[in-house]
Participant: 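First the structure, then my questions, so here it is.
These numbers come from the heavy atoms of this one structure, side chains and all, not from hydrogens, waters or symmetry mates.
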Amino acid sequence: AIERALQTLPETRQAVVRLHLAGYDRFEIADLLGWSEAKTRNLLYRGLETMRQELRRMGFGPGSQT
(Lines give C-alpha, C1' and ligand atoms only; values in the text may rest on other atoms or scores of the structure.)
Protein backbone atom coordinates (compact mmCIF):
# COMPACT_ATOMS: atom_id res chain seq x y z
CA ALA A 1 0.00 0.00 0.00
CA ILE A 2 2.84 2.39 0.82
CA GLU A 3 4.48 1.73 -2.54
CA ARG A 4 1.18 2.33 -4.35
CA ALA A 5 0.67 5.57 -2.42
CA LEU A 6 4.25 6.66 -3.23
CA GLN A 7 3.64 6.10 -6.92
CA THR A 8 0.82 8.66 -6.88
CA LEU A 9 3.28 11.43 -5.95
CA PRO A 10 5.03 13.67 -8.45
CA GLU A 11 8.66 12.58 -8.97
CA THR A 12 10.19 15.35 -6.84
CA ARG A 13 7.97 14.59 -3.85
CA GLN A 14 8.42 10.87 -4.37
CA ALA A 15 12.22 11.19 -4.20
CA VAL A 16 12.10 13.20 -0.97
CA VAL A 17 9.56 10.92 0.73
CA ARG A 18 11.47 7.77 -0.28
CA LEU A 19 14.67 9.16 1.27
CA HIS A 20 12.75 10.24 4.38
CA LEU A 21 11.28 6.74 4.76
CA ALA A 22 14.80 5.34 4.36
CA GLY A 23 15.84 7.29 7.45
CA TYR A 24 17.45 10.43 6.06
CA ASP A 25 16.61 13.76 7.69
CA ARG A 26 15.59 16.71 5.54
CA PHE A 27 19.04 18.34 5.77
CA GLU A 28 20.69 15.17 4.45
CA ILE A 29 18.04 14.88 1.73
CA ALA A 30 18.60 18.49 0.68
CA ASP A 31 22.33 17.85 0.46
CA LEU A 32 21.90 14.61 -1.51
CA LEU A 33 19.52 16.20 -4.02
CA GLY A 34 21.30 19.55 -4.21
CA TRP A 35 18.20 21.46 -3.10
CA SER A 36 17.68 24.08 -0.41
CA GLU A 37 16.41 22.88 2.96
CA ALA A 38 13.26 25.00 2.45
CA LYS A 39 12.43 23.33 -0.88
CA THR A 40 13.12 19.90 0.59
CA ARG A 41 10.96 20.59 3.65
CA ASN A 42 8.10 21.88 1.50
CA LEU A 43 8.17 18.87 -0.83
CA LEU A 44 8.48 16.46 2.09
CA TYR A 45 5.53 17.84 4.04
CA ARG A 46 3.33 18.06 0.95
CA GLY A 47 4.35 14.56 -0.11
CA LEU A 48 3.64 13.08 3.30
CA GLU A 49 0.23 14.76 3.43
CA THR A 50 -0.66 13.45 -0.03
CA MET A 51 0.41 9.96 1.06
CA ARG A 52 -1.75 10.18 4.20
CA GLN A 53 -4.73 11.15 2.07
CA GLU A 54 -4.08 8.36 -0.42
CA LEU A 55 -3.62 5.74 2.31
CA ARG A 56 -6.90 6.86 3.95
CA ARG A 57 -8.60 6.61 0.57
CA MET A 58 -7.26 3.05 0.32
CA GLY A 59 -8.76 2.22 3.72
CA PHE A 60 -5.72 2.64 5.95
CA GLY A 61 -5.62 4.96 8.92
CA PRO A 62 -7.20 5.56 12.30
CA GLY A 63 -10.26 3.39 12.83
CA SER A 64 -9.83 1.36 9.64
CA GLN A 65 -10.15 -2.40 9.61
CA THR A 66 -7.14 -3.00 7.30
Participant: Please check this pair: side chain of Gln53 against backbone of Thr50, looking for a donor-acceptor N/O pair closer than 3.5 Å.
Facilitator: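 Answer holds: no.
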Participant: Within this structure, what is the CG-CZ distance for the pair Leu6 and Arg13, rounded to the nearest 0.5 Å?
Facilitator: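 It is 13.0 Å, given to the nearest 0.5 Å.
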Participant: Roughly how far, to the nearest 0.5 Å, is CD1 of Ile29 from NZ of Lys39?
Facilitator: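 That separation rounds to 13.5 Å.
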Participant: Same hydrophobic cluster for Phe27 and Leu48, using side-chain heavy-atom links shorter than 4.5 Å among ILVMFWY?
Facilitator: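 No, Phe27 and Leu48 fall in different hydrophobic clusters.
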Participant: So with a 6.0 Å cut-off around CG of Leu21, is the heavy-atom count from everything else above 12?
Facilitator: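 Buried by this count: over 12 neighbours within 6.0 Å.
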Participant: Grab the two heavy atoms, one from Leu55 and one from Ala1, that are nearest each other, plus how far apart they are.
Facilitator: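 Distance-wise, the nearest heavy atoms are CD2-O, 3.8 Å.
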Participant: Could you check whether Glu49 pairs with Arg46 (Lys NZ or Arg NE/NH1/NH2 to Asp/Glu carboxylate O, under 4.0 Å)?
Facilitator: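 Salt bridge flag = no for Arg46 with Glu49.
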Participant: So with a 6.0 Å cut-off around CD of Gln7, is the heavy-atom count from everything else above 12?
Facilitator: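 More than 12 heavy atoms, drawn from other residues, nucleotides or ligands, come within 6.0 Å of this atom.
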Participant: Are Met51 and Glu54 packed together at the side-chain level, in the sense that at least one heavy-atom pair is separated by less than 4.5 angstrom?
Facilitator: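 Answer no - side chains too far apart.
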Participant: Is any side-chain heavy atom of Arg26 closer than 4.5 Å to one of Glu37?
Facilitator: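 Yes - at least one pair of side-chain heavy atoms lies under 4.5 Å apart.
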Participant: Are Leu32 and Trp35 connected in a single hydrophobic cluster, I mean Ile/Leu/Val/Met/Phe/Trp/Tyr linked by side-chain heavy atoms less than 4.5 Å apart?
Facilitator: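 Trp35 and Leu32: one cluster.
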Participant: Begin from the C-alpha positions of Thr40 and Leu33 and carry the test side-chain contact (heavy atoms from CB on, under 4.5 Å) through to its verdict.
Facilitator: CA-CA 9 Å; Thr40 303; Leu33 298 176; 5.7 Å; no
Participant: Starting from the C-alpha separation in whole Å, work towards a yes-or-no answer on salt bridge (charged side-chain N to carboxylate O under 4.0 Å, His left out) for Arg18 and Glu3.
Facilitator: CA-CA 10 Å; Arg18 283 184 186 281; Glu3 183 59 37; 2.7 Å; yes
